[in-house]
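I have placed the structure first, in the form of structure tokens, so that the comments after it can refer back to it.
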Amino acid sequence: MNIARVIVDVPTSQTNRPFDYKIPDSLIGVVAPGMRVIIPFGPRKIMGFVLEVTDQTSFTRLKKIQDVMDLTPVLTHELIQLGRWISETTLCFYVSAYQAMLPQLLKAKYEKELWLLAEHEDLTEDLERLFGGRGVVPYEEIEASSLSYSQIQKRIHEGLVEVHYKVKGKETKKKETYIVPGIPSHRLEEIYHDTPKQAKKQRLILAFFIEYPDEILQKKLLEELKTTRASLKPLLDKEILKTVYKEVYRDPYQQREYERTTPFPLTEEQQEAIEPVLASIEDKRHVPFLLHGVTGSGKTEVYLQSIQQVLDDGREAIVLVPEIALTPQMVERFKGRFGSRVAVLHSALSAGEKFDEWRKIQRKEVQVVVGARSAIFAPFENIGIIIIDEEHESSYKQEDYPRYHARDVAIERGKYHHCPVVLGSATPTLESFARAQKDVYKLLTLKKRMNNASMPEVELVDMRKELHAGNRSMFSIQLREKIEDRIQKGEQVVLFLNRRGYSTFVMCRDCGEVKECPHCDIALTYHRKAERLKCHYCSHEEPMPTICPSCESDTIRYFGTGTQKVEESLNQLIPDARIIRMDVDTTRRKGAHERLLTKFADKEADILLGTQMIAKGLDFGNVTLVGVLAADSLLHLPDFRSSEKTFQLLTQVSGRAGRHTLPGEVIVQSYTPEHYSIEMASQYDFESFYKKEMKMRKTFRYPPYYFLTLLTVSHPNHLYTMDVTQKIVQFLRDHLSDQAIILGPTPSPLTRIKDRYRYQCMIKYRNEPTLHKVMNRLFQIYEDAIQQKDLQLTIDFQPYQLM
DNA sequence: AGCACGCCGACT
DNA sequence: GTCGGCGTGCTC
């Protein structure tokens, strides 16, 4: 067993297969499947993942593994299989799938160095200058020097210098230094007596350890005895004392005290919902559940008690929460119940913090992980339940390579571990609800809110009528009056602005010219603070023009509604309102999100004004009014899910009001209040919406009736892009069944991004068993063009974003 | 990816 | 003739 099968860290189709390596004697028994190793590959050294250890190979001469990067495997047997499944179902490279499962910090980094071989007298003048007395220089320095790479090449051939490759990215654990006695305590006393009186500090330290022979943090010891390392050093040198390094975790939640909660008694409805879940945990049976519960119906308590059962059984739990809802409030609920048995993984953590949380999972020091999408890869080995809260959230689908959906991964893992997967939502996706109707998922329903609270009354306001009545502000009379009323009563208001499709663009009032990004076909967004225009797709930036670049008129202005603008007009309308604005700008700094919410919870403000990020998971008892400023801004996006998204968003936002004892009220402003998604959301009528939307999907042949696959072709040359897309469409027509509907080629909704033209082709199908094979063929056919001509093909099976 | 090998044009 | 352009193929 001295041969390792390794996936190399070179994401190309030619290297997307295992390579065999010999395990050197010194590493036999150390190298194990799931470990990262450093291997020679061609002339360089790179990282690789060990898939398996065998004694078979079809090669006569194997290179040796140079070193291991981990002492324990970073991928479990299950994750190795899962990675293969991901790469095959999403068409990505094996390495990319494995990389996606690990924290960023474990990604290998490469460095090249130039090593001097020759003696000084043999050096050419150019090398003398480059090295300047040193033996090694970073490869990048060549660029900065007057030497060209070809000259260096020559020197390498002459044997004067050599290129060395370094792989970085070993585990970086944060360590703390502890001091312990290196000898038994009776000997300490002897030494104490033998130590001369003038060595005052040394005697002090010895006396300390005679009294407390336990290990102590070096920093603490020095502080306590008011001394420095200088007096510690001789004792360490004589091995009377020893240093011990201990790994410490960068725990962002370490400082915080969580109030412990105990299970609440469940309502009858909750009891009914939890029983099948508990049963499947007990029977170790994989059952996918869809928990459809209205906002405030106590889904979380069902999760918590299911997890409790899993922990009592000695198993582990994964809870996925949308990034945006991973608020301190949410974390608190899990930490409050399970304390230090919980690890939290989300994007606001630093790379080091993420790694440390991951380490706790790997070492089985925690049994529960609460996290965003990528937490689905938590390296647990004995999973008892996987929960996906807010199942409908689009953030569970990764939008770049590998394009996996956390829900699919969860179900795949659930099958492996024979455990239930619970998908929870107040507004499930049509896909999931349809599966529940067909009994693919088992449906559990919570119809009542906790504490018998009623759903807040929703009032639709037709903004067209407001406009005709002469109200040109963005607040209807009703909304404005209600806000004033709540402020007077000392109650709080949440105002929601859906920013997408409502960004502030710049237009000339004279000629109608809209300022667009020179690299992307999209309007630039005006940023007030910097007085600049920015592109949200590439990072292009330019100053706000004072005159129109096309007609030189000075009437160029910005339009649209941002949270800043809403805040301003709110200030004018109700001057004594205290407003907290939450958007990307005000929450960028670490912890800002939490600070603002705490402020609001402490009633230091009357109004919380924000975008998407305030739609989820917030729970403030004093909020009795929710205002939605522009309900239909999502509705007009070129996306077949726009109605569904509108319905979901309105339902979620409405759920923010009246969660406790005070009754809540919601005002929804819209220019199309008669649209079924808005009307049905205002009545909390999911079933009717589901039926109506399903009909639409059937008519237009969209999911869940049809599967979709989106193929995007991009290249800097417009004609070439169109041409390739056309050929691809033809190829697909020739190779897929005549049941498949192939749409295209069409320009992508964003036709040009970063100076690349983008065309797409959409495939709608019900059953195409050869689809993956055909797509693979397609990649093979265009492999050369992709490598050499800068062509890009992206394939997204079951896309969420159609852009 | 990154590198070597190899075959063509334009220069000391 | 040779230096250097980049198309082609390989990495256990």
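It should be emphasised that the depicted structure is a prediction, and the values quoted were computed from it without experimental measurement. Order of the sequence lines sets the chain letters (A, B, ...), proteins ahead of strands, with each chain counted from 1.
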**Sugar-phosphate, base or nothing in reach of A:K45, heavy atoms under 4.0 Å** = nothing
**Prompt:** Can you list every side-chain hydrogen bond (donor to acceptor under 3.5 Å, both in side chains) pair that touches residues 53-65 of chain A, not counting sequence neighbours?
**Reply:** A:D20-A:T57
**Prompt:** Can you tell which of A:Y98, A:W358, A:Y404 makes a ring pair (Phe, Tyr, Trp, His ring centres under 6.0 Å) with A:F377?
**Reply:** A:Y404
**Request:** Taking the side chain as every heavy atom from C-beta outward, state whether A:Y757 and A:L719 have any pair of such atoms under 4.5 Å apart.
**Result:** no
**Asked** Do A:F49 and A:I80 come within less than 4.5 Å of each other through their side chains, counting heavy atoms only?
**Response** no
**Fill in**
Per-nt protein contacts along nucleotides 6-12 of chain C (heavy atom under 4.0 Å; B base, S backbone sugar-phosphate only, - none) come out as --S-BBB
**Asked** With a non-hydrogen cut-off below 4.0 angstrom, is A:Y165 in contact with a base, only sugar-phosphate, or nothing?
**Response** sugar-phosphate
**Prompt:** Do A:V713 and A:Y782 have side-chain heavy atoms sitting under 4.5 Å apart?
**Reply:** no
**Message:** Measuring only between side-chain heavy atoms, which start at C-beta, is A:I376 closer than 4.5 Å to A:I386?
**Reply:** yes
**Summary of salt bridge (charged side-chain N to carboxylate O under 4.0 Å, His left out) pairs that have at least one residue in residues 93-103 of chain A, sequence neighbours excluded** = none
**Message:** Stem finding on DNA chain B, please: runs of three or more consecutive Watson-Crick or G-U wobble pairs, both distances under 3.5 Å, sorted by first number.
**Reply:** B:1-11 with C:1-11
**Request:** Considering only heavy atoms of chain A and a distance under 4.0 Å, specify the first and last nucleotide of DNA chain B in 5' to 3' order that meet this criterion.
**Result:** B:dA1 to B:dA4
**Asked** Does A:Y765 reach the side chain of A:T709, with side-chain heavy atoms less than 4.5 Å apart?
**Response** yes
**For A:D796, all residues meeting salt bridge (Lys or Arg N to Asp or Glu O under 4.0 Å), sequence neighbours excluded** = A:K397, A:R403
**Item:** Audit row: A:H718, A:Y759, ring pair (Phe, Tyr, Trp, His ring centres under 6.0 Å) steps and yes/no
**Value:** CA-CA 9 Å; A:H718 196 168; A:Y759 272 70; 5.7 Å; yes
